[in-house]
Amino acid sequence: MNTGEIFDQVVDRVRTLDPANSRAWFDLLRLVDFNGGTLVVGCPDEATALFCEDHCLDAFTQAAQGITGHLVTVRFVVTQSHRPEVDAAPAQGVRIHPDYTFESFVVGPCNRLAHASCIAVSHAPGVTYNPLFLYGNVGLGKTHLLHAVCHEVRATQPQARIDFLNCEQFVNSFINAIEHGTLPEFQGRLRSLDVLVIDDVQFLREREQSQEEFFHTFNALYNNHRQIILTADSAPSDLGRVEERLISRFKWGLVARLDAPGHETRMAIVQKKARLRGLQIGEDVADLIAHHVRTNIRELEGALTAIYALAKTLGEPITPDLARQALGDQLPSMQKPITITDIINAVTAYFDVRPADLQSKKRSQNIARPRQICMYLARSLTRHSLEEIGGHLGGRDHSTVLHACQKIAQLQQDDSSTRAQLEELTRRIETG
Ligand code: ADP
Ligand code: MG
């Protein structure tokens, strides 16, 4: 075997050894050198090299040793031809993840504004929305979008100084700087950035000294028209123990909320994630996964990994049967899909109305609203068509159901009490 063949086998073995970290772009990895017991692997860019180093080193080492029968040390380098002209300032914060790009982000009604504003900001930092504040529940893509902004800024404006910290890193570096008497350096570094990205600013809650420091950093950047991008688990006004002057600044630019994706968006996300891993899955499998992983997109990845691993082990294509087999343990709800009856039961109990009322012609608000919510939930939690949903709710036609879904979707955007009702109802329906 020549070294090229060995390398191909190593990559293939890695895919079996570590399905969770296998990616389609492994095809872009190149053999740079292999002698003296060191395997040097060339990566197309820094993000992929760092990803491999962080996540794939063990699998590569093990694979290389298994195939050659020798002790092997593996190193990942950025292949020279791919290096950007200008050396970007070394980032201090989060390592940019190669998977989290705009390309791999699925846009749907749940995240359209957040996505569009991230694109706008990465093309003209400091010019359009400043600060940009994204918020939403866990697992809805906030961090993904921040990484995507970093990729985009680095690709289109390599000379721009950008740093991405999670808020905890900010707080720790700040405390560290005080302890070591290096506060001026800490401040100087942050304040000279063109783009400062801070994830999960709810971490500032109750940390008064850090809030004070952050306030001054914010002002320095803002006054110099430098871009600030922030995320949190709640809207600025709901952050709780965060100083009012910071909260008001968080609202100066654009505030965009991310909502939970509906069934179609979830299906598209499953398909994107599968492609990223070099997996071929059909609509039926995507539908199956999207149907059973609803609340947190992070769980979709676990589901895909399990399916990938089983397909790889059995050497079989990914069919709905194989997917079901792979997900059997993880997804107990698999046996029990949600029915419209489950939804009607939950909604009638919650609003204290009778199922017969929902099916009646009554149009009073206290009946019409629960009826519309039923329709909306049936649309997002089951695979029934508009006609079928209308049929269960007193024989209403599809345009009535569509109108109800749009109405509730709008209220979900604009009205926090409807949002809370929907979340609570979804939780009750899903937990049975
Ligand atoms: P958050 O920071 O809001 O908690 P993350 O950005 O960490 O959420 O997202 C969790 C996972 O879900 C990530 O793997 C991310 O890629 C994925 N994800 C969330 N929304 C989308 C989307 N619209 N398109 C593609 N992947 C998504
Ligand atoms: Mg996050």
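All ligand and atom numbering here is 1-based and tracks the order in the structure.
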Per-atom contacts, ligand 1 versus [X] - under 4.0 Å to a heavy atom:
X    : result
N137 : 3 (O)
K142 : 1 (P), 2 (O), 3 (O), 4 (O), 6 (O), 8 (O)
N111 : 23 (N)
L140 : 1 (P), 3 (O), 8 (O), 19 (C), 20 (N)
V138 : 4 (O)

Provide, to 0.1 Å, the distance between [atom] and the closest protein heavy atom, together with that atom's residue and name.
atom                    : value
atom 15 (C) of ligand 1 : H144 ND1, 3.4 Å
atom 14 (O) of ligand 1 : E301 OE2, 2.1 Å
atom 25 (C) of ligand 1 : S104 O, 3.3 Å
atom 18 (N) of ligand 1 : I297 CG2, 3.6 Å

Using a distance-only test with no angle check, is there a side-chain donor-acceptor pair under 3.5 angstrom linking [X] and [Y]?
X    : Y    : value
T400 : D397 : yes
E388 : H392 : no
Q410 : D414 : yes
R369 : T418 : no
D99  : H144 : no

Measure centre to centre between the rings of Y100 and H151, then say whether the value is under 6.0 Å.
no
Run the ring-centre check on Y222 versus F215 and record whether the distance is less than 6.0 Å.
no
Can you tell me if T231 has an N, O or S atom under 2.8 Å away from the Mg ion (ligand 2)?
no
Judged by non-hydrogen atoms, does K273 sit under 4.0 Å from ligand 1?
yes
